[in-house]
K.L.:
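Submitted below is the structure of interest, expressed as structure tokens.
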Amino acid sequence: MSISSRLPVRTRFDIHDYDLAATLSSGQAFRWESQGNHWVSVIEGRWVRLSSTQDAIVAETVEAAESWSWLVNYLQLQLDLSPVLAAFPNDNPMLEATKACHGLRLLRQDPWECLASFILSSSKQIVQIQQIVGLLCGRLGERVVVPPDHLPCFSFPTPERLADCSEAELRACKMGFRAAYLKKTASMIAASEVNLASLPASGIEDARQELLKLPGVGRKIADCVLLFAYGFQKAFPIDVWVTKALRELYFRGRPVSQERLQSFTEAYFGPFGGYAQQYLFHYMRLRERRLTLRKP
DNA sequence: TCAGACCCTCACAG
DNA sequence: ACTGTGAGGGTCT
């Protein structure tokens, strides 16, 4: 058998309150591809295929893994959701959102991939971000081992790799003006001007300040990385969707400054504010989809 | 504090 | 079918 393909190994995890499809398609990660009942992606250089039932997730990979901790951590399978939901504000909007998004989870992603992906996200729709990230990996990532007869899959390119690219090579991945930001940020990471590995040890505020040193990273993207990669549960990324949700649900549709929204969310949504944010975001997208998906 | 620029793609109107 | 138009998980100046 060729080195580039091996038969999959399967394992099964018991779950409770875990909506895999909602979680993987909720705009926090951009490399999950839906294939029938399965979800396929590459996590830290490993090909992986997931499927789920009411009470279990089945995972397939090609390495005979001695440990599944990398996947357990990524999917946050050990997390009990009920204390999180219990800590949400007990108001009507949040009740609606939790009902509509039952089982939605936050992932714990690789910081570099998360950071780079969100630099690419500015002024883009989620489908477009997925396309850009897919091109970036296909053109500049390394091939990973996949099962026989499976299409080729690629790892997320390292900071060093992207730092060595020309801006034109990056633009060829359809990222437009974001190319300069990505290249510069990759160079700074590669040169250890900002050390992603040391951030978890700092508090959320110091970690945020470090991320804000990177070009193309403002408050919103910094908060996405703090929440989706480092697990700072108080981080509350405020984008156009969440702004709209907060304004409609808590400010009677009146215009509100970003600063005011920031202090409101910090005070109002509590220690799991980031989780609440994801529920509001997904809830808004579901409502929007229901409205726009009226094609016969 | 505030527009406007920044690239490019796709959905949607006409 | 074919072209025109606008806005899209922001950030920077």
K.L.:
Between A:Ile119 (CD1) and C:dT11 (P), how many Å, whole number?
P.N.:
10 Å
K.L.:
Tell me the ring pair (Phe, Tyr, Trp, His ring centres under 6.0 Å) pairs involving residues 203-236 of chain A, sequence neighbours left out?
P.N.:
A:Phe118-A:Phe228, A:Phe236-A:Phe269
K.L.:
List in numerical order all residues of residues 206-226 of chain A for which some heavy atom is under 4.0 Å away from an atom belonging to DNA chain C.
P.N.:
A:Leu214, A:Pro215, A:Gly216, A:Val217, A:Gly218, A:Arg219, A:Lys220, A:Ile221
K.L.:
To the nearest Å, how far apart are A:Gln125 CD and C:dA7 C1'?
P.N.:
8 Å
K.L.:
Using a strict heavy-atom distance below 4.0 Å, which residues from residues 107-116 of chain A are in contact with DNA chain C?
P.N.:
none
K.L.:
Is any side-chain heavy atom of A:Lys213 less than 4.5 Å from a side-chain heavy atom of A:Glu193?
P.N.:
no
K.L.:
Could you give the distance separating C:dG6 and B:dG4 at their P atoms, to the nearest angstrom?
P.N.:
15 Å
K.L.:
Please list all pairs meeting ring pair (Phe, Tyr, Trp, His ring centres under 6.0 Å) that have one or both residues in residues 39-61 of chain A, counting only residues at least two apart or in different chains.
P.N.:
A:Trp47-A:His150
K.L.:
Testing the 3.5 Å rule here: is there a donor-acceptor pair between the side chains of A:Glu205 and A:Gln209?
P.N.:
yes
K.L.:
In whole angstrom, what separates A:Ile129's CD1 from C:dG10's C1'?
P.N.:
11 Å
K.L.:
Please answer whether the main-chain N or O of A:Phe264 pairs with a side-chain N or O of A:Tyr250 as donor and acceptor at a distance below 3.5 Å.
P.N.:
no
K.L.:
Going by atom types only, do A:Ser26 and A:Gln278 share a side-chain donor-acceptor pair under 3.5 Å?
P.N.:
yes
K.L.:
Quick test of your reading of the model: are A:Arg287 and A:Glu248 salt-bridged, counting only N-O distances below 4.0 Å?
P.N.:
yes
K.L.:
Under a 3.5 Å distance rule, please check whether A:Tyr275 uses its side chain to pair with a backbone N or O of A:Leu106 as donor and acceptor.
P.N.:
yes
K.L.:
What nucleic acid atoms does A:Ser26 come within less than 4.0 Å of, heavy atoms only: base, sugar-phosphate, or nothing?
P.N.:
base
K.L.:
Taking the P atom in each of B:dC7 and C:dT3, what is the distance between them to the nearest angstrom?
P.N.:
26 Å
K.L.:
Classify the nucleic acid contact of A:Gln28 as base, sugar-phosphate or nothing, counting any heavy atom under 4.0 Å across all strands shown.
P.N.:
base
K.L.:
Atom CD in A:Gln130, atom CD in A:Gln125: separation rounded to 0.5 Å?
P.N.:
11.0 Å
K.L.:
Taking atom P of C:dT11 as reference, at what distance in whole Å does atom CD of A:Gln258 sit?
P.N.:
10 Å
K.L.:
For the pair made of NZ in A:Lys124 and P in B:dC10, what is the distance, rounded to whole Å?
P.N.:
9 Å
K.L.:
For A:Leu120 and C:dG8, give me the distance from atom CG to atom C1', rounded to whole Å.
P.N.:
14 Å
K.L.:
Hey, is the side chain of A:Gln128 poking within less than 4.0 Å of OP1 or OP2 on B:dA11, counting only N and O atoms?
P.N.:
no
K.L.:
Contacts to DNA chain C from residues 163-187 of chain A, heavy-atom cutoff under 4.0 Å, which residues?
P.N.:
A:Phe177, A:Tyr181
K.L.:
Could you grab the distance from atom CG of A:Leu170 to atom CZ of A:Arg139, nearest 0.5 Å is fine?
P.N.:
10.0 Å
K.L.:
Which atom pair, heavy atoms only, marks the closest approach of A:Arg105 to A:Gln76?
P.N.:
NH1-O, 3.9 Å
K.L.:
Between C:dA7 atom C1' and A:Lys244 atom NZ, what is the distance in whole Å?
P.N.:
13 Å
K.L.:
Which dot-bracket notation, 5' to 3', represents the base pairing of DNA chain C when pairs are defined as Watson-Crick or G-U with both distances under 3.5 Å, crossing pairs as [ ], and inter-strand pairs as |?
P.N.:
.|||||||.||||
K.L.:
Classify the ring geometry between A:Tyr279 and A:Phe88 as parallel (under 30°), tilted (30 to 60°) or perpendicular (over 60°).
P.N.:
perpendicular
K.L.:
Starting at CD1 of A:Ile238 and ending at C1' of C:dG10, how long is that distance when rounded to a whole Å?
P.N.:
14 Å
K.L.:
How long is the span from the CG atom in A:Leu211 to the CG atom in A:Asp206, to the nearest 0.5 Å?
P.N.:
11.0 Å
K.L.:
Angle class for the A:Tyr74/A:Trp32 ring planes (parallel below 30°, perpendicular above 60°, tilted otherwise)?
P.N.:
tilted
